[in-house]
Student: 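One structure follows; several queries about it will come next.
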Amino acid sequence: MTFWGPDFDELRATDPEVADGLLVELERQRSKLQLIASENFASPAVMAAQGSVLTNKYAEGYPGRRYYGGCGEAIDPIEQLAIDRAKSLFGAEHANVQPHSGASANLAVFLAVLQPGDPVLAMSLPHGGHLSHGMKVNLSGKWFDVASYGVREDTGRIDMDEVREKALAHRPKLIIAGWSAYQRHLDFAAFRSIADEVGAVLLCDASHFVGLVAGGAHPSPVPHCDIVTFTTHKALRGPRGAMILCREPWAAAIDKAVFPGSQGGPLEHVIAAKAVALKEADTPEYRAYARRIVDDASALADAMIGRGYDVVSGGTETHLFLADVTPTGTTGAEAEARCDEAGIVLNKNAIPFDPLPPAKASGIRIGTPCLATQGMGPAEMPTVADLIDRAVRGDEAERRAVRAEVGELVGRFPVYPRPPAS
Ligand SMILES: *Cc1c(COP(=O)(O)O)cnc(C)c1O
């Protein structure tokens with residue numbers, strides 16, 4: 001055997017406590033319904049690249065321009081592969097594959113584009129924006145002058161006339177299009193024309209939906225935006241990490257802002273896993289997967305509406321939706337806890353114009369990337385909706401019954417299949 005890689009028995013011998021923790025987590029992922037919209041099941045190939053000897057290598061700098069020796073044989077070609085695949089898959093002029101996380105990628109963009117105190121326009125957090133887009137306690141909110149746009153109360157959708165008015169009033173240097181909880185396509189062309197009108201740089205944070213873009217199941221922000229950031233571990237199904245795509249004039253500033261501007265040594269084992277995920281995403285199977293995610297979300301949203309839940313904006317075009325649980329007489333926090341008891345993992349989420357504080361919230365956020373990875377299709381979604389509804393409305397005995405049915409359902413769609421019994 002010429003390969004040396006992770007050995008679970010080795011871990012178990014060295015550190016049984018951590019090994020046991022991994023097994024508990026594996027069982028949790030296998031045995032429950034995973035509906036957290038930002039999660040997925042990375043492939044064994046992605047995890048093999050991530051759990052490799054590449055973790056041992058320092059590689060500050062970029063391919064061909066490193067501050068450490070020993071990068072030429074393997075590290076440079078692997079990082080270059082990730083860069084080339086990202087550019088080709090998304091049709092981008094430049095790619096930086098080093099950001100450790102989505103928040104780090106956005107930080108690097110701020111460093112490249114803004115000075116402290118500069119005006120920024122982004123989607124408001126309670127309406128579905130991300131904390132790195134100007135939340136008061138986040139660096140983005142502390143160091144920049146952030147104005148926010150939201151969705152209309154009557155439609156649950158972003159109103160581009162409102163975005164334009166806010167941009168004209170606030171004169172942002174940077175406009176951020178992107179979200180963590182929104183169920184509609186963004187109008188990238190309208191964002192572009194507003195950015196041009198006020199002379200702003202246009203950033204799309206595509207973290208949530210980039211996996212759909214990769215599979216052709218969602219419009220691409222790349223042709224419209226100066227810069228696109230995204231995480232690689234959500235619907236895209238890669239390792240935990242992020243990337244930045246940009247137009248050529250921004251390339252040098254973005255690379256400088258990532259390293260040495262805001263990060264040190266890149267995580268080359270994670271970059272290798274990003275390369276693997278990008279290869280996996282460039283296949284007919286992945287394109288069918290991306291389509292299934294969206295079809296599942298749409299079928300599940302319809303089934304929830306059929307059971308009396310208000311889905312924000314009346315449905316979804318993406319991989320997720322927010323369901324208002326108020327009609328069931330409970331709160332988002334209580335619904336989350338009841339679902340957890342029944343083996344259904346999802347998160348409470350504020351709905352736009354939520355009368356409740358964020359710790360309680362009126363809604364739950366439901367996403368389908370995990371279900372679709374398991375192979376569940378729209379045909380399974382009425383069953384999933386029924387299980388959620390009974391967990392939320394039922395008593396403890398009902399939740400025990402749901403827990404058993406969840407086990408039966410996920411048993412038919414196994415993730416990380418168990419080895420055959422010998
Ligand atoms: C998930 C997410 C991020 C943050 O990613 P981390 O890797 O958790 O830092 C950034 N932006 C958006 C829009 C996200 O949804």
Side-chain angles (χ1 to χ4, degrees), residues 34-40 42 46 50 96-111 113 120-135 137-141 144 146 148-151 158 174-186 188 191 202-214 218 220-222 225 227-245 254 257-258 262-263 266-267 270-271 273-274 277 293 297 316 318-322 346-350 352 358 365-370:
Q34 310 294 341
L35 300 177
I36 294 188
S38 49
E39 295 183 356
N40 212 329
V46 164
Q50 192 169 10
N96 185 307
V97 298
Q98 293 191 358
H100 302 332
S101 72
S104 309
N106 288 338
L107 178 63
V109 173
F110 300 152
L111 185 62
V113 175
V120 173
L121 180 65
M123 189 170 187
S124 97
L125 183 65
H127 283 208
H130 189 259
L131 63 93
S132 64
H133 300 176
M135 184 193 194
V137 297
N138 184 264
L139 177 149
S140 56
F144 305 108
V146 183
S148 59
Y149 59 87
V151 301
I158 294 169
L174 177 72
I175 296 178
I176 309 177
W179 45 261
S180 298
Y182 185 61
Q183 35 267 303
R184 299 290 164 184
H185 296 162
L186 296 174
F188 298 122
F191 271 107
L202 180 58
L203 163 67
C204 176
D205 181 345
S207 289
H208 255 275
F209 55 83
V210 75
L212 305 178
V213 174
H218 187 289
S220 174
V222 173
C225 300
I227 305 169
V228 176
T229 54
F230 57 86
T231 49
T232 47
H233 49 267
K234 296 179 182 171
L236 189 56
R237 213 160 56 179
R240 196 152 281 281
M243 291 187 191
I244 305 175
L245 307 176
I254 287 293
V258 173
S262 57
Q263 290 190 172
L267 310 177
V270 180
I271 289 171
K274 288 171 185 171
I293 298 176
T316 183
T318 68
H319 59 295
L320 64 74
F321 58 92
L322 294 177
L346 46 72
N347 61 285
K348 66 173 178 286
N349 210 105
R365 188 179 68 159
I366 296 177
T368 53
C370 287

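Every number for a ligand or one of its atoms is a count from 1 in the order of the listing. The first residue of the sequence shown is numbered 1, and numbering continues consecutively from there.
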Student: May I have the step-by-step check of side chain to side chain contact (heavy atoms under 4.5 Å, CB included) for I271 and Q98, ending in yes or no?
Tutor: CA-CA 7 Å; I271 289 171; Q98 293 191 358; 3.9 Å; yes
Student: Is S101 touching ligand 1 with its side chain, its backbone, both, or neither, if touching means heavy atoms under 4.0 Å apart?
Tutor: both
Student: Are H133 and D205 close enough that a side-chain donor and a side-chain acceptor fall under 3.5 Å?
Tutor: yes
Student: Does the H319 side chain pair with the main chain of T368, one donor and one acceptor, at a distance under 3.5 Å?
Tutor: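 No; judged by distance alone, with no hydrogens or angles, the pair does not exist.
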Student: I need the atoms of ligand 1 closer than 4.0 Å to a non-hydrogen atom of W179, numbered in the order shown.
Tutor: 13 (C), 15 (O)
Student: Can a donor-acceptor pair be found, under 3.5 Å and without considering hydrogens, that links the side chain of S38 to the backbone of K234?
Tutor: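 Not a single qualifying donor-acceptor pair exists.
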Student: I would like to know whether L267 and Q50 meet side chain to side chain contact (heavy atoms under 4.5 Å, CB included); could you show each step before the answer?
Tutor: CA-CA 9 Å; L267 310 177; Q50 192 169 10; over 6 Å; no
Student: Any atoms of ligand 1 less than 4.0 Å from a non-hydrogen atom of D205? List them with their elements.
Tutor: 10 (C), 11 (N), 12 (C), 13 (C)
Student: Which residue and atom name correspond to the protein heavy atom nearest atom 7 (O) of ligand 1, and how close is it?
Tutor: G102 N, 2.9 Å
Student: Using side chain to side chain contact (heavy atoms under 4.5 Å, CB included) as the criterion, list what pairs up with A181, not counting sequence neighbours.
Tutor: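 For A181 the side chain to side chain contact (heavy atoms under 4.5 Å, CB included) partners, ignoring immediate neighbours, are L322, N349, R365.
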Student: Note the single closest protein heavy atom to atom 3 (C) of ligand 1, along with its residue, its atom name and the distance in Å.
Tutor: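 Going by distance alone, atom 3 (C) of ligand 1 is nearest to H130 NE2, 3.2 Å.
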Student: How close does the nearest protein non-hydrogen atom get to atom 9 (O) of ligand 1, and which residue and atom is it?
Tutor: A103 N, 2.9 Å
Student: Under 4.0 Å from a heavy atom of H233: which atoms of ligand 1 are those, numbered in the order shown and with their elements?
Tutor: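 Those atoms are 7 (O).
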Student: If the cut-off is 4.0 Å to any non-hydrogen atom of H208, which atoms of ligand 1 fall inside it?
Tutor: 15 (O)
Student: Run the ring pair (Phe, Tyr, Trp, His ring centres under 6.0 Å) test against H218 and tell me which residues pass, sequence neighbours left out.
Tutor: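 Expected list: H185, F209.
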Student: Which of the atoms in ligand 1, numbered in the order shown and given with their element, are less than 4.0 Å from a heavy-atom of K234?
Tutor: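 Selected atoms, number and element: 1 (C), 2 (C), 3 (C), 14 (C), 15 (O).
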Student: What residue and atom, counting heavy atoms only, is the protein's closest point to atom 5 (O) of ligand 1, and at what distance?
Tutor: T231 CG2, 3.2 Å
